[in-house]
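Just so you know, these numbers use all the heavy atoms, side chains as well, and skip hydrogens, waters and symmetry mates. Here is how names work: the chains are called A, B, and so on, in the same order as the sequence lines, proteins then strands, and each is numbered from 1.
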Amino acid sequence: MKDRSLATVLCSTQVGSMVLVRVRVSGWRPARPGQFAMLQAEGSSCFLPRAFSVHSQGEATPDGAEVSFLIAPIGAATHDLATLSPGDRVWTLGPLGRGFGAVDDMRRSGGRAGSGRLLLVGGGVGVAPFLLVLESLLQRAIARPEDAPTQVSVLFGFRDAAQAESLALFVPAVDALCAAGVPAGLEAICEDGSLGRPGLVTELLTESVRVGDTVLACGAHAMCEAVWRVCRQAGDDVDVWFSLEAGMACGIGSCLGCVMTMADGSMARVCREGPVFAGRDVFGESRHPCAAPGPHGGGS
Amino acid sequence: MKDRSLATVLCSTQVGSMVLVRVRVSGWRPARPGQFAMLQAEGSSCFLPRAFSVHSQGEATPDGAEVSFLIAPIGAATHDLATLSPGDRVWTLGPLGRGFGAVDDMRRSGGRAGSGRLLLVGGGVGVAPFLLVLESLLQRAIARPEDAPTQVSVLFGFRDAAQAESLALFVPAVDALCAAGVPAGLEAICEDGSLGRPGLVTELLTESVRVGDTVLACGAHAMCEAVWRVCRQAGDDVDVWFSLEAGMACGIGSCLGCVMTMADGSMARVCREGPVFAGRDVFGESRHPCAAPGPHGGGS
Amino acid sequence: MNEEREARVGGGEGTSGRAPRGLATRLGPIALAHPIINASGTFDLFEVAASLAGVDEAAATAFLADPPVAAYVPKTVTPLPRTGNPPPRILETAGGMLNSIGLPNGGIETFVARELPRLLSLPRPIILNIGGFSRQDYVEVAAALRVALDGTRGGGPDETAGEVSWLSRVGLELNISCPNVHSGCISIGSDPDETAAVVSAVREVWPGLLLAKLTPNVTDIVPIARAAADAGADGLSLVNTFKGLALDRLSLKPFLGAVTGGLSGPAIKPLALRFVYEVSAAVDVPLVGMGGVDSVQDVLDFLACGASVVAVGASGFRDPWKPHTLAVELEAALEARSMTLAEVIGMAHR
Amino acid sequence: MNEEREARVGGGEGTSGRAPRGLATRLGPIALAHPIINASGTFDLFEVAASLAGVDEAAATAFLADPPVAAYVPKTVTPLPRTGNPPPRILETAGGMLNSIGLPNGGIETFVARELPRLLSLPRPIILNIGGFSRQDYVEVAAALRVALDGTRGGGPDETAGEVSWLSRVGLELNISCPNVHSGCISIGSDPDETAAVVSAVREVWPGLLLAKLTPNVTDIVPIARAAADAGADGLSLVNTFKGLALDRLSLKPFLGAVTGGLSGPAIKPLALRFVYEVSAAVDVPLVGMGGVDSVQDVLDFLACGASVVAVGASGFRDPWKPHTLAVELEAALEARSMTLAEVIGMAHR
Ligand SMILES: Cc1cc2nc3c(=O)[nH]c(=O)nc-3n(C[C@H](O)[C@H](O)[C@H](O)COP(=O)(O)OP(=O)(O)OC[C@H]3O[C@@H](n4cnc5c(N)ncnc54)[C@H](O)[C@@H]3O)c2cc1C
Ligand SMILES: Cc1cc2nc3c(=O)[nH]c(=O)nc-3n(C[C@H](O)[C@H](O)[C@H](O)COP(=O)(O)OP(=O)(O)OC[C@H]3O[C@@H](n4cnc5c(N)ncnc54)[C@H](O)[C@@H]3O)c2cc1C
Ligand SMILES: Cc1cc2nc3c(=O)[nH]c(=O)nc-3n(C[C@H](O)[C@H](O)[C@H](O)COP(=O)(O)O)c2cc1C
Ligand SMILES: Cc1cc2nc3c(=O)[nH]c(=O)nc-3n(C[C@H](O)[C@H](O)[C@H](O)COP(=O)(O)O)c2cc1C
Ligand code: FES
Ligand code: FES
């Protein structure tokens, strides 16, 4: 993408309490998993755009690429995006930010340091970035099987049945990964018990995580804190990465508005230094995380 | 209508450069011709509602009434209203204001003082209220033929062909009036010549108006001034009424924002004392009207 | 919606009252069924009723029998009649509106003769709002109102013979903050000494609830708020409009007939909230908060910043029932939080 | 759209320049291709370019080779490094946004070493923006900048040996109006005497274009504007943000880490315009107008009220190309009116 551009909505599908919006963006350059775009519905009554993880993307052609976003309508801007119809237009700037670099790195670490296992932990709409993660793992598994993770576990937590409907979006990608020879599984849990026993995603994580694993997590801040605790308890060699949320004005490093206080007291911009941060940088080494990155509850 | 209510859009039809929006309003009480309603599209990005003449109305049933408005999209609020789809909703407060009282009065004056002729002069979207005028004349012509005007001339002026398409909306009502025994005609002129010779509606008026006529006019302020001049030249006994436009906040007399300076220097609220005013009150007796009701150009 | 509204609406003072529950509060000597009133100049109860009468006679009657405000604040009255500013007087702007109405009113004499009687017949307390161009103007108008009120049934500042004095039903708000008249008013409210002088002079002649309505167009509102409170104001109304300007799109000349106007509506809410927060921290009298109130969240925000009572201004233009609707929603919001009104007031400071 | 943009974009100074035509203007000694710049702190050219580089390397290069502003104003620099205010720092409000960034920056030493060289390499004039907490702070930073600039190629206030002096490419804006630092800054800009003192002290050490950026959070801006001009400011920037507050929806405590913040965006445009109009009528130096500029109509409005140059702030967050787009649209708007830029400037007063 050369520019902020006016993307066209191809389709908008209700998925439980979320909405999957697919747009055609001209000049879209492939996003790395975990990157985001700033979106604003044309004619939106909101002043600023908002950040959304790239959920999935098609191949870039001279006509542009098909890119999809998974949107939880919680306020005015997300409502405007969630009620778009095919043909409507959306200002789009992206892909932006540093994605889950670990997706690339861990391919090789599998044989060396770590277990080679990759755990994807999502809560609520925080599941959004993981389809692109799976798509990208699949591409690599096909192109260079030796670099694939030894195992991929997708662990999702939802509030209720309506949220949990988004689970279906991930099943084909997990199946494809298995078919490509990467053992992959998908487990989910719901706070209201609509997927079996009621509970939080950290329960699934506690059962799965072990030393050497790489964990990528995205969800509300409280979930991220809990994920960090579970992983610390599993041992220092669990490599944990968080995709964090913050209110953004520009998304491109101009406003200094999206900063979070890191464990060492420094300020990092979620849009530029993030949105993906190493667990250690966010929560430090203490077993009782204290560096709360502000009151923005995210993703759940 | 008991209340400000949330009307439902039944259909929205492009009519040249204008849009005809039909809504169902619960509890709608029949409007008198020339009355208006305050409308605001649900979720509009505008802060205030806007005033729109009642263009046409169906019978009130327990389900409410079908009411239509003719909208020229010129700014943000009219754009929001003009792009509504069936099922969308519109905050509606009305009918409000004093309508064309002369429509009722002149029925009887026909046999007595005046000529009994009624001239309806509209410019641009200022034609909007005249369908309800015609509908109301038809009802009375059927109910009490002796009270009908001796003749009805509809004289419309438009800027261009796209605006002039709205003419078609009035043809059936004029025909019906003729069928009910009231001689009625419809003439229109367009500034760009797309309806024959190029010109202004005042040219049609100059050719038609004569002593004793009743003239009802609605359009841009410049048109109203010109109509007043033509009528004065035709003689003091032409009874002229103008439906005026002003920016409104409340539409119900609360804000004192919609005032116009009358010929005698007093201030009148367009929403309460108007929108229909006697020509003399607006322009006074002078042949060179000077009391300009502010820069709000209306209707054209 | 009508059903719901009618079901929830009480009959006002003295009736069986189905007004929002648990919201009863006081502003000095005046008891309110809930904390939501209208802002002066933005809601003419009688004009709205008259307009509704053209729509539906029964609705108009119901409206006056049960106005959608806990107390009614009429438009500013001045010593002499005023026609107000030349049109145009209003313009919508991003998230709000400019107005340059300029305090048109019939003057105090007409007010006492024609308005006051029907105001007193309302089933709600009233807070009269007065303006002027000098200290003497305010004193004169306040004194005239007092004389008139003392002469009413149940009049006199002392309760006698079982009659309830007007003190529990009538308050006074000093508009020393209107940006739309080009002398007096706002210049008084921009200066702590002038403010103190006007307030204490009125205090001499006015025994009832006395509010000073302040302007936000100042460098530091705290000394002015303190001056007003120290001079005897029982409470402060915060804030009047912010001075602004718009040009005509085509001519690029000032759009409003009066050149400048006052900005109100949601656009100013964060600014108004800051003033309420600051004054609440510094001054110990009840505050009437206003500026862009449109949703129940806005009501909670003003209460939490320290307002005891919240006034709806420009948002009432699009919905005259707004104050009542907000009161009903406030009841639900407090219930959902399991909090009382008193607990929410000022909680942003705690 | 890209095509159109690229077709219209000039290569900056010294190139064949396909920038908007007929808009060339000056701000004191500095020539501008058009009158539209960015507002300090709202646009980081290098960060935007770096973000774009992640998207498209070529776009980033093009961006720096031809920045979408007539002159570039970097964020405020202070004597010592600052981390800024705790998060959260921004919140959207009706028609605008609150920010409490708090002037994070690396301090003047780092600025001179790392920022200044790449700023000077831009194909645009730059207007450096400085802040502080005392008169001495401003003087110190200005002096350090001057020393650094005099040491550059073509440096020195006198043009020597055919080299063009930095005076025609570098200006200075004094931020004496930031509402987000709780001492200095805004308190200086709220007082005519303090303002005069800072401006004249900086004037001693700074030979180039000197602008004072004023705060709108004052009772009367005119004496402050006059004081700045009389003390030697070559121009005034109007306005910085309006002090505001928002609460967290759930906790009802102040949302921003710094409690209060500054309001900007379309919501404040009518307020900002009023200040430009008033100052323009009273003071005879060029004005840089800003506050909610979003459309070409806004640009026309600020120009007509008396601004010579117009700055885009918060609206640039949603569209970093906004200043350039507005310049292109301004060219068309003037053509449609058959007016020159000079004719539009101040026409609201005529
Ligand atoms: C990198 C990144 C990726 C994201 N990806 C996705 C995604 O894929 N899908 C998705 O649905 N969302 C995603 N989000 C979140 C999304 O940007 C927000 O949900 C969105 O900003 C909500 O905007 P809104 O206008 O709908 O809600 P708003 O009403 O603006 O609320 C948004 C947030 O602002 C806060 N807020 C606003 N006003 C107040 C107030 N007065 N008091 C307290 N809090 C307030 C709330 O805490 C709330 O979380 C992502 C965010 C980031 C940073
Ligand atoms: C009684 C009455 C009946 C009406 N009936 C109809 C009808 O049937 N159909 C119809 O289409 N319209 C009708 N109108 C007009 C309609 O209300 C306006 O066209 C509408 O307000 C336009 O709103 P908007 O937001 O689309 O445009 P806006 O952009 O708000 O512009 C509306 C008007 O405000 C003025 N304006 C706004 N901002 C500025 C500015 N900065 N500088 C200068 N001028 C400005 C313009 O002069 C313009 O005429 C009626 C008006 C009245 C009072
Ligand atoms: C059209 C209009 C007229 C007003 N008239 C008065 C008035 O007569 N007296 C007064 O004290 N305030 C007056 N105000 C100010 C309001 O009472 C209120 O302080 C201000 O509008 C802020 O609240 P809001 O944003 O909710 O409108 C007026 C405001 C508007 C919009
Ligand atoms: C996020 C943000 C950061 C800002 N930082 C600065 C700053 O560092 N220095 C400064 O002089 N003004 C700063 N400002 C004020 C702007 O330069 C400008 O004066 C103000 O935002 C009004 O313009 P706008 O409404 O177009 O944003 C900042 C504004 C915003 C929104
Ligand atoms: S959102 Fe502006 S710097 Fe991150
Ligand atoms: S629009 Fe409010 S009084 Fe007429």
Side-chain angles (χ1 to χ4, degrees), chain B residues 1-6 26-32 35 37-40 44-50 75-77 91-99 245-262 265-272 291-297, chain C residues 1-2 5-6 38 41-52 54-59 62-63 75 83-97 99-105 248-251 253 255-257 264-267 294 314-322:
Chain B
M1 213 192 68
K2 277 225 182 102
D3 215 294
R4 178 179 181 247
S5 81
L6 205 43
S26 68
W28 178 260
R29 230 191 63 147
R32 292 186 295 280
Q35 283 194 299
M38 297 299 285
L39 302 185
Q40 184 170 38
S44 167
S45 55
C46 290
F47 177 54
L48 297 170
R50 302 287 194 273
W91 285 108
T92 309
L93 180 66
L96 300 167
R98 295 189 340 180
E245 219 185 281
M248 292 186 180
C250 70
I252 48 174
S254 258
C255 72
L256 308 181
C258 63
V259 295
M260 290 211 164
T261 312
M262 295 286 111
S266 70
M267 304 271 192
R269 288 167 302 180
V270 171
C271 74
R272 288 277 292 147
H296 287 286
Chain C
M1 183 150 192
N2 290 327
R5 180 165 289 147
E6 278 160 25
N38 68 294
T42 67
F43 184 55
D44 189 322
L45 210 50
F46 300 101
E47 286 299 310
V48 173
S51 287
L52 288 178
V55 180
D56 181 341
E57 200 55 67
F63 196 79
K75 189 161 177 67
T83 50
N85 285 326
R89 290 177 172 179
I90 51 175
L91 185 67
E92 177 159 337
T93 64
M97 62 177 284
N99 89 79
S100 62
I101 309 296
L103 305 184
N105 75 97
D248 181 81
R249 274 182 209 148
L250 294 178
S251 70
K253 307 277 184 247
F255 179 84
L256 297 170
S264 62
D294 191 45
S315 283
F317 290 143
R318 49 179 173 183
D319 180 4
W321 290 270
K322 179 76 83 177

Would you mind checking which part of [X] comes under 4.5 Å of any heavy atom in chain B, side chain (CB onward), backbone (N, CA, C, O), both or neither?
| X | result |
| --- | --- |
| A62(C) | neither |
| A50(C) | both |
| S315(C) | both |

Does R89(C) reach the main-chain N or O of V259(B) with its side chain, forming a donor-acceptor pair under 3.5 Å?
-> no
Between P49(B), A249(B), S266(B), which shows the greatest number of heavy-atom pairs under 4.5 Å with chain C?
-> A249(B)
Flag the one option from R272(B), Q40(B), M267(B), R98(B) with the top tally of heavy-atom pairs under 4.5 Å to chain C.
-> R272(B)
From [X] atom [atom1] to [Y] atom [atom2], the distance as rounded to the nearest 0.5 Å:
| X | Y | atom1 | atom2 | value |
| --- | --- | --- | --- | --- |
| M97(C) | C46(B) | CE | SG | 13.0 Å |
| N99(C) | L256(B) | CG | CG | 10.0 Å |
| L93(B) | L52(C) | CG | CG | 7.0 Å |

Nearest heavy-atom pair of [X] and [Y]: which atoms, and what distance?
| X | Y | answer |
| --- | --- | --- |
| P87(C) | T261(B) | CD-OG1, 3.4 Å |
| G253(B) | S51(C) | N-OG, 4.4 Å |
| V48(C) | S254(B) | CG2-OG, 3.3 Å |
| G265(C) | F47(B) | CA-CZ, 4.0 Å |

Between [options], the one whose heavy-atom pairs under 4.5 Å with chain B are most numerous:
| options | result |
| --- | --- |
| G96(C), G41(C), G95(C) | G96(C) |
| A267(C), S251(C), P266(C), S100(C) | P266(C) |
| A314(C), A94(C), G316(C) | A314(C) |

Non-neighbouring partners of E92(C) that pass side-chain hydrogen bond (donor to acceptor under 3.5 Å, both in side chains), sequence neighbours left out | R50(B)
Report the residues that fulfil side-chain hydrogen bond (donor to acceptor under 3.5 Å, both in side chains) with N38(C), sequence neighbours left out, ordered by chain and then residue number.
-> none
Assess whether atom CZ of R318(C) is packed by more than 12 heavy atoms of other residues, nucleotides or ligands within 6.0 Å.
-> yes
Decide yes or no on side chain to side chain contact (heavy atoms under 4.5 Å, CB included) for F317(C) and M248(B), but give the supporting numbers first.
-> CA-CA 9 Å; F317(C) 290 143; M248(B) 292 186 180; over 6 Å; no
Any side-chain heavy atom of P320(C) sitting closer than 4.5 Å to one from I252(B)?
-> yes
